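Bear in mind that the values here come from a model prediction, so they are computed numbers and not experimental data.
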Amino acid sequence: MTANELIEAIYEEYQVIYNGIEYKKVTGLTYKKIGGGIRLLGELLDKCGHSVTIAPAEKIERKT
């Protein structure tokens, strides 16, 4: 996902998939310096609503 797609996912609260696992929604996005570059990360809320996973944006997909 791009930054704009992650922002849309936050507002629309649709389910996403990362590494084959379904998540309830995207709750945030972060830019983080990793190595020599800047990386866009998404914060994904699990289906139970008790924990989050931080994932690289390019590996997050919208559940269809």
- [ ] Assess whether side chain to side chain contact (heavy atoms under 4.5 Å, CB included) is satisfied between Glu61 and Glu5, documenting all intermediate values.
- [x] CA-CA 10 Å; Glu61 302 173 18; Glu5 290 170 329; over 6 Å; no

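- For Glu22, the side chain to side chain donor-acceptor pair (under 3.5 Å) test picks out Lys47, Lys63, with sequence neighbours left out.
- The cluster map of Ile, Leu, Val, Met, Phe, Trp and Tyr, joined by side-chain heavy atoms under 4.5 Å apart, puts Tyr18 and Ile54 in different clusters.
- Hydrophobic clustering (ILVMFWY, side-chain heavy atoms < 4.5 Å, transitive): Leu45 and Leu6 are in distinct clusters.
- Not one N or O on the side chain of Thr30 forms a donor-acceptor pair closer than 3.5 Å with the backbone of Leu41.
- Here the CD1-CG distance, from Ile34 to Leu40, works out to 10.0 Å after rounding to the nearest 0.5 Å.
- Taken together through direct or relayed side-chain contacts under 4.5 Å among Ile, Leu, Val, Met, Phe, Trp and Tyr, Ile10 and Tyr31 form part of one hydrophobic cluster.
- Under the 4.5 Å side-chain heavy-atom criterion for grouping Ile, Leu, Val, Met, Phe, Trp and Tyr, Val16 is connected to Leu29 within one hydrophobic cluster.
- In this structure, Ile60 is a member of the same hydrophobic cluster as Ile38, with clusters built from ILVMFWY side-chain heavy atoms closer than 4.5 Å.
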Task: Verdict with supporting geometry, Glu8 and Arg62, side chain to side chain contact (heavy atoms under 4.5 Å, CB included) - done: CA-CA 11 Å; Glu8 179 185 345; Arg62 182 178 184 162; 3.8 Å; yes

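- Note: Leu44 CG to Ile21 CD1 = 10.0 Å, rounded to the nearest 0.5 Å.
- Put simply, NZ on Lys24 and CD on Gln15 are 9.0 Å apart, with the number rounded to the nearest 0.5 Å.
- The two atoms that bring Asp46 and Tyr23 nearest to each other are CA-CD2, 3.8 Å, heavy atoms only.
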